[in-house]
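Worksheet: one structure, shown below.
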Amino acid sequence: MFMGPKIICGILTAIFFMLGLNSLCHAESLFEALSRAYSENLDINHQRAAVRVRDEDVPKAAASSRPKVGITANVGAQSTHVRSGGIDPQTGGRVFGNSNYFGQPRGANLTVSQPLFDGFRTQNSIRQAESNVFAARATLRATEQSVFLKAATAYMGVLRDTAILRLRNNNISVLKEQLRETRARYNLGDATITDLSQAEAGVAQAHSDFYVAEANLKVSAASYRQVIGVEPGRLEPPPSVKKLLPRSIEEALEIALIEHPNIHAYRYQEDAAALSVKVAEGALLPTLSLNAQIIQQFDYLTGQPGTNVFYAQGALQLNAPLYQGGGEFASIRQAKEQLGQARLATDLQRAAIRKEVVSSYARLKASITTIRAGHEVIKAAEAALRGVRIESLAAQRTLLDVLSAQQALLDARVKLVGYQHDYVVGCFTALSAVGRLDAQILNLEVTPYNAAVHFDQVKESWLGVSTPGGL
């Protein structure tokens with residue numbers, strides 16, 4: 001049985017209150033950080049751009065069925081020298097004449113071609129492009145979930161390392177006081193040089209641990225900045241998202257294998273691969289097109305300047321492939337193999353998601369158990385430290401015993417902070433594994449990104465080079 005979310009949330013709040021993290025006003029909440037990541041994260045915006053790129057494949061595929069219009073023009077210069085010969089009727093002798101002609105042949109050629117039938121390749125190419133668009137949208141949803149998980153992990157990392165840094169700092173204060181008392185006792189002859197050395201070593205080790213904790217906090221802050229887009233400020237204790245999870249692993253598996261965006265992405269890629277087979281098979285079918293041509297030439301005939309030609313033609317053209325070297329057959333076989341590969345990829349993704357769901361639920365259950373155990377360890381360590389201190393006053397325990405008990409209590413508190421971090425991250429990991437870590441389910445205060453808007457703007461576009469975004 002999982003511990004109730006209210007109990008866990010109360011425990012977490014108590015921990016951070018104890019560490020002084022809950023006294024800060026105007027702190028940023030975890031959901032506010034997730035909302036910021038939704039709007040500003042570079043990975044999400046990069047994938048949104050990738051979806052817009054895929055949108056343009058649809059009008060590109062549709063272009064194959066649209067008319068093609070082209071015009072060519074030519075202009076030149078030509079010089080013609082003609083030497084002619086004949087018989088003079090009066091003398092009967094041969095006579096010769098020379099003629100020179102100079103012209104500027106020029107003209108234009110307008111061609112129009114309208115495909116009427118291309119073996120269904122255009123229709124199947126459009127459907128294939130749409131499947132790739134839907135796959136890109138599913139990948140975008142998967143990217144959003146991945147970013148949310150990274151953001152939650154980074155948020156909790158900053159909270160954890162801030163708490164540990166405070167614990168390490170408090171430990172330095174306690175050990176310094178311990179060192180002061182030991183030095184005073186040493187001066188009075190009640191403590192040995194060994195006691196003093198042990199106290200000094202404890203302070204030095206505490207400083208070393210503090211610097212490590214400080215470095216860990218900087219690393220976590222850098223991760224926070226990378227994922228969420230700003231430097232971490234004052235952060236609130238996180239709320240529980242346990243209530244958003246399915247109640248059992250069986251229910252989680254059933255939902256994940258249906259709703260997970262990675263499953264949708266691979267299924268759409270599988271559809272695109274199936275349509276690729278149909279596109280390849282279209283190469284075996286005849287094509288039909290309507291072609292028209294208009295030609296206007298001036299000074300067309302060599303040696304006859306001023307000779308103009310106007311030519312117009314319209315015709316239906318049917319092409320029926322018989323044998324083209326076998327390349328089209330290889331393309332069909334290749335497309336079929338790619339379809340089989342896509343189906344196997346979908347099965348691999350299902351297996352990966354199934355594993356992630358089971359693993360995330362197991363880790364979540366373990367983190368709840370460790371939180372319970374961590375509280376018991378702290379209680380026992382606190383009692384042990386009190387007893388050791390009392391016995392130390394009665395000379396029944398050494399300073400080393402006191403330092404060891406104090407270190408055990410500190411370690412227990414540090415571990416409990418880590419367990420708390422693991423629990424919250426585990427909830428988000430399980431929610432991501434199920435495929436429900438999205439802005440709508442989390443009820444984030446964001447304007448949802450609608451990928452269909454750009455698609456509708458470009459799918460019927462015939463002209464223009466500017467993007468709807470103004471580029």
Side-chain angles (χ1 to χ4, degrees), residues 5 9 12 16 21 24 26-53 136-163 216-245 256 259-262 264-265 353 356 360 363-364 420-454 469:
C9 191
L12 305 186
F16 286 107
L21 299 178
L24 300 174
H26 304 296
E28 184 174 44
S29 71
L30 175 56
F31 285 172
E32 288 172 342
L34 295 179
S35 298
R36 187 188 298 275
Y38 182 82
S39 302
E40 301 179 12
N41 181 266
L42 295 179
D43 287 334
I44 291 179
N45 287 326
H46 178 268
Q47 189 57 40
R48 288 171 180 169
V51 174
R52 294 193 293 271
V53 171
R137 292 182 189 178
T139 301
L140 172 59
R141 293 195 298 274
T143 300
E144 291 172 354
Q145 297 201 49
S146 175
V147 168
F148 285 152
L149 179 56
K150 291 178 182 179
T153 303
Y155 187 100
M156 291 306 304
V158 171
L159 277 180
R160 175 199 60 199
D161 294 338
T162 301
N216 290 338
L217 179 58
K218 291 180 179 179
V219 173
S220 295
S223 298
Y224 186 100
R225 175 67 176 82
Q226 179 185 15
V227 178
I228 298 176
V230 296
E231 294 293 336
R234 296 173 295 181
L235 306 181
E236 291 181 355
S240 174
V241 295
K242 171 65 173 52
K243 61 184 179 181
L244 301 177
L245 286 171
E259 297 184 8
H260 201 286
N262 280 341
H264 291 181
I353 289 175
E356 185 58 30
S360 63
R363 290 192 294 267
L364 181 58
Q420 179 263 354
H421 163 276
D422 295 342
Y423 169 77
V424 176
V425 173
C427 287
F428 278 88
T429 301
L431 200 59
S432 175
V434 174
R436 288 188 168 181
L437 186 58
D438 60 41
Q440 183 177 1
I441 292 178
L442 293 175
N443 196 27
L444 301 182
E445 295 182 359
V446 296
T447 300
Y449 179 79
N450 188 353
V453 172
H454 180 268

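L42 is linked by a side chain to side chain contact (heavy atoms under 4.5 Å, CB included) to nothing, counting only residues two or more places apart in sequence or in another chain.
To the nearest 0.5 Å, atom CD1 of residue I353 and atom NE2 of residue H260 are 4.5 Å apart. Here CZ of F428 is found 10.0 Å from CG of L245. Values are rounded to the nearest 0.5 Å. In this structure, the separation between CG on N41 and CD on Q47 is 11.5 Å, given to the nearest 0.5 Å. Note: S432 OG to D438 CG = 10.5 Å, rounded to the nearest 0.5 Å. From T162, atom OG1 reaches atom CZ of R234 across 13.0 Å, with rounding to the nearest 0.5 Å. One distance of note links CD of Q440 with CD of E144; it measures 11.0 Å at 0.5 Å rounding.
Geometric assessment of R160 against the ring of Y423 yields a negative cation-pi assignment under the 6.0 Å and 45° thresholds.
A 4.5 Å side-chain heavy-atom check between P261 and T139 finds every atom pair outside the cut-off. Using a 4.5 Å heavy-atom threshold, the side chains of P239 and F31 count as touching.
Smallest separation of non-hydrogen atoms from E231 and A221: OE1-O, 4.3 Å. When every heavy atom of A256 is checked against every heavy atom of A433, the shortest pair comes out as CB-O, 3.7 Å. Looking at every heavy atom in both residues, A138 comes nearest to H264 through CB-CB, 3.9 Å. A pairwise comparison of heavy atoms in A33 and Y224 identifies CB-OH, 3.8 Å as the closest pair. In terms of heavy atoms, A37 sits closest to V147 at CB-CG1, 4.2 Å. The nearest pair of heavy atoms linking I44 to L140 is O-CD1, 3.9 Å.
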Taking distance alone, no hydrogens or angles, what donor-acceptor pairs closer than 3.5 Å link side-chain atoms of residues 151-159 to residues at least two apart or in another chain?
{"from": "T153", "atom 1": "OG1", "to": "L149", "atom 2": "O", "distance (Å)": "2.8"}
{"from": "Y155", "atom 1": "OH", "to": "E28", "atom 2": "O", "distance (Å)": "2.8"}
{"from": "Y155", "atom 1": "OH", "to": "L30", "atom 2": "N", "distance (Å)": "3.3"}
{"from": "Y155", "atom 1": "OH", "to": "E236", "atom 2": "N", "distance (Å)": "3.0"}
{"from": "Y155", "atom 1": "OH", "to": "E236", "atom 2": "O", "distance (Å)": "2.8"}

Under 3.5 Å, sequence neighbours excluded: what are the donor-acceptor pairs made by side chains of residues 443-454?
{"from": "Y449", "atom 1": "OH", "to": "R52", "atom 2": "NH1", "distance (Å)": "3.0"}
{"from": "N450", "atom 1": "OD1", "to": "A452", "atom 2": "N", "distance (Å)": "3.1"}
{"from": "H454", "atom 1": "ND1", "to": "D55", "atom 2": "OD2", "distance (Å)": "2.8"}

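The side-chain contact (heavy atoms from CB on, under 4.5 Å) with S360 is formed by just one residue from the set V434, T429, V425; it is T429.
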*Start with the C-alpha distance between N45 and R48, add both sets of side-chain angles, then the distance that settles side-chain contact (heavy atoms from CB on, under 4.5 Å), and finish with yes or no.*
CA-CA 5 Å; N45 287 326; R48 288 171 180 169; 3.2 Å; yes

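The 12-atom threshold is exceeded at CD of E259, counting heavy atoms of other residues, nucleotides or ligands nearer than 6.0 Å.
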